[in-house]
Number of protein chains: 2
Amino acid sequence: MEKKVVTIYDVAEAANVSMATISRVVNGNANVKEETRKRVLEVIDRLNYRPNAVARGLASKKSTTIGVILPDITDLYFASLAKGIDDVASMYKYNIILTSLQESIGDEEQILNNLLSKQVDGLIYMGKQLSKKVKRTLGSSKTPIVLAGSVDRNNETASVNIDFTDAVYNIISQLVQNGHKKIAFVGGSLENPIDGKYRLDGYKKALKKAHINFSSNLVFEAEYSVRAGEAIWDAVKNSGATAAYVTEDLLAAGILNSAMKSGTKVPEDFEIFTSNNTVLCEVTRPKMSSIEEPLYDIGAVAMRLLTKMMNQEQIDENTVKLPYSIVKRESTK
Amino acid sequence: MEKKVVTIYDVAEAANVSMATISRVVNGNANVKEETRKRVLEVIDRLNYRPNAVARGLASKKSTTIGVILPDITDLYFASLAKGIDDVASMYKYNIILTSLQESIGDEEQILNNLLSKQVDGLIYMGKQLSKKVKRTLGSSKTPIVLAGSVDRNNETASVNIDFTDAVYNIISQLVQNGHKKIAFVGGSLENPIDGKYRLDGYKKALKKAHINFSSNLVFEAEYSVRAGEAIWDAVKNSGATAAYVTEDLLAAGILNSAMKSGTKVPEDFEIFTSNNTVLCEVTRPKMSSIEEPLYDIGAVAMRLLTKMMNQEQIDENTVKLPYSIVKRESTK
DNA sequence: ATAAAGCGAGTAAACGCTTGCAAATTATGT
DNA sequence: ACATAATTTGCAAGCGTTTACTCGCTTTAT
């Protein structure tokens, strides 16, 4: 006995109305007599009818699905953003199609096309930056997109972020205030505008304000990993730096561990500020002081913004900057 | 000038063939003359045709989409599993719809219905355990499901795991070998069969083997968080335990930190073994020894298994247990 | 009492694709 | 050259919904 799928027709028949009426009650359309609605609802329940979202999508041209593109879901930074997105999405009854950016560069376009072919109603992008090509593809579709924790140099694309420059400016200023003259800036690839432009700008700005000359010897580039952090410590130490601002928590944890292990006391002999305030900051010993990006909120706001765009609502701010704060723990004085 | 969506008809017209032929070349059907195929491909490229996956889904009754249900994406344990799933899924051209299990209990059923309404071709579940109700809903659909890092008491449902009991047995045996008589078992909710049954069984078994009496005073239940770990340390210490096996990394990290802070040297005065070998183990100082669950692989194998089920291939093993290993770092002797 | 307006429900045409079947074309063997 | 087989194509019927349009029946106003 094969299990038959219950369709709108079956419900219509059992409830003695036309399928249009079923559709109306399922969609909450007001043009249905209360009595009929009740009867239909009952039948739906009895037959265990489950509207086919694919068919609905085809007929309505809405999939109630959004595409989320991120580099790596095991990176707590993105996972936190994703959680914010997910919560708001489910609040608005959207489903999320998650896709990771693979190593290979070229496939960003392919991922996008795949998502568009699935008729997603919107997109959230958390990669490093949108390529021209991708932007073009996006432009030719009408699918709205917003960047979360990612920036668009030209502010053409909607995005939600914190003011990276400002945050780093503050951090560095505090370090300066603590008497440091040589402060290392340890970032990921400087090609990524967040590190290479915004954050570095904040660093430079703070130094300038304090009349300290910028020296590229104090700027380090490393992969975002504990190992890379451990490996770079010697270089950082040898640069003469007495404090460091690190753009990512794993990296910072690695540096911290190497420092402690090599006998450099943190924060007494060396202060460390990191950037993402993931749970890692609480796991290291000493616990790390960090910029607190409201990651969950960034994701949530990005998703909320996207729902507005999908509803064609008026958007007042294309680029929203959320407030950040600074959490002092034990890696700074 | 409104942008028109390019459909299969447009391509057919431009290529001077019927839409059926377009469909065939898009689907790689062999019954197309090479010359025609080339021409069509060219037109597809020129018009920038992107097949509508929703329409395909409706016509073919396949969505090339699977649903993934997990408790919390910011938990590295699940994130790692998810990554394995994602990679294999994209290898097989499936998309993933990610849904988080909210706090509220009752909605598991709703989540499932939503996913089924989206016509997912398969499901991967990583929650604590499938409720009867959910199982029933699942049974009435034909959608295959596999559990990843989650267990089914009755082995009715396909699942991929490690042998939790065996792993813990080994850990505890090593601790016993190191001379410990009082070993704490610190888990999450013991209602969860993984902790409360499988792991605890391994613990008991190892004690028994060593002729050590099991004492419930040495069994602790705590939330999976750093704070909970820090908070529980005193109780653990006061129980007289000289070593602990902890079922989750955050929790272990909290315990470790409190121990060190309170002057108890790890591993000299107290040994700690944890369970998930997430990156946290490398971030704490001392770094933590851990069972190494091949999380990524579990996810990957689960997804692979699911593809087989979706293809109606013969499955030899309903329940697959992957090999685990034990990584010794600095929290044990 | 009667026309206008409104409500509730049905009809049928999309939506963009897959696919079984039949028709047309080309290749093969004699 | 002809029949037959094999290869390519086209036709059209779905797939399960949504949604304009219509239509009959009540209300309401006059």
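Letters A, B, ... are given to chains in the order of the sequence lines, protein chains preceding strands, and every chain is numbered from 1.
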Can I get a per-line list of side-chain donor-acceptor pairs under 3.5 Å for residues 310-320 of chain B, giving both atom names and the distance, sequence neighbours left out?
| residue | atom | partner | partner atom | Å |
| --- | --- | --- | --- | --- |
| B:N311 | ND2 | B:T307 | O | 3.4 |
| B:N311 | ND2 | B:E313 | OE2 | 3.4 |
| B:N318 | OD1 | B:A158 | N | 3.4 |
| B:N318 | ND2 | B:N155 | O | 3.1 |

Write down the distance between CG (B:D10) and P (C:dC15), rounded to a whole number of angstrom.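 My rounded result for the distance is 11 Å.
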Distance, rounded to the nearest Å, where A:Q119 contributes CD and C:dG16 contributes P: 9 Å
With sequence neighbours excluded, residues passing side chain to side chain contact (heavy atoms under 4.5 Å, CB included) with [X]:
{"X": "A:T65", "result": "A:S63, A:N95, A:I97, A:V120, B:K118"}
{"X": "A:E191", "result": "A:S189"}
{"X": "B:K33", "result": "B:E35, B:T36"}
{"X": "B:D86", "result": "A:S100, B:I96"}

Quiz: residues 15-24 of chain B side-chain donor-acceptor pairs under 3.5 angstrom, not counting sequence neighbours:
| residue | atom | partner | partner atom | Å |
| --- | --- | --- | --- | --- |
| B:S18 | OG | B:A20 | N | 3.3 |
| B:S23 | OG | B:N27 | ND2 | 3.3 |

Any sub-3.5 Å donor-acceptor pair from A:S150's side-chain atoms to A:G127's backbone N or O? yes
Would you mind classifying the nucleic acid contact of A:S23 as base, sugar-phosphate or nothing, using non-hydrogen atoms under 4.0 angstrom? base
Under 4.0 Å between any heavy atoms, over every strand shown, what does B:N29 touch: base, sugar-phosphate, or nothing? Just pick one.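 Nothing, no heavy atom under 4.0 Å.
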To the nearest 10°, give me the bend of the helix from C:dA1-D:dT30 to C:dT30-D:dA1, comparing the axes of its five terminal pairs at either end. 30°
Does anything in residues 43-60 of chain B form a salt bridge (charged side-chain N to carboxylate O under 4.0 Å, His left out)? List the pairs, not counting sequence neighbours.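 Found none.
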5' precedence on DNA chain D between A:A55 and B:Y9 (nearest-nucleotide basis):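 By nearest-heavy-atom nucleotide position, the 5'-most residue is B:Y9.
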Above 12 or not: heavy atoms from other molecules or residues under 6.0 Å from CD of B:Q129? yes
Using a 4.0 Å cut-off to any heavy atom of chain B, which nucleotides of DNA chain D are the first and last in contact, reading 5' to 3'? D:dT8 to D:dG16
In a table with atom names and distances, give each donor-acceptor pair under 3.5 Å that connects a side chain of residues 68-75 of chain A to protein atoms at least two apart or in another chain.
| residue | atom | partner | partner atom | Å |
| --- | --- | --- | --- | --- |
| A:D72 | OD1 | A:T74 | N | 2.9 |
| A:D72 | OD1 | A:T74 | OG1 | 2.8 |
| A:D72 | OD1 | B:K83 | NZ | 3.3 |
| A:D72 | OD2 | A:T74 | OG1 | 3.1 |
| A:D75 | OD1 | A:Y77 | N | 2.9 |

Give every donor-acceptor pair under 3.5 Å between a side-chain atom in residues 131-139 of chain B and any protein atom, sequence neighbours left out.
| residue | atom | partner | partner atom | Å |
| --- | --- | --- | --- | --- |
| B:S131 | OG | B:V134 | N | 3.1 |
| B:K135 | NZ | B:D152 | OD1 | 3.2 |
| B:K135 | NZ | B:E156 | OE1 | 2.7 |
| B:T137 | OG1 | B:E109 | OE2 | 2.8 |
| B:T137 | OG1 | B:K133 | O | 3.1 |

Let me have a per-nucleotide readout for nucleotides 6-12 of chain C, 5' to 3', with B, S or -, counting only protein heavy atoms under 4.0 Å. --SBBB-
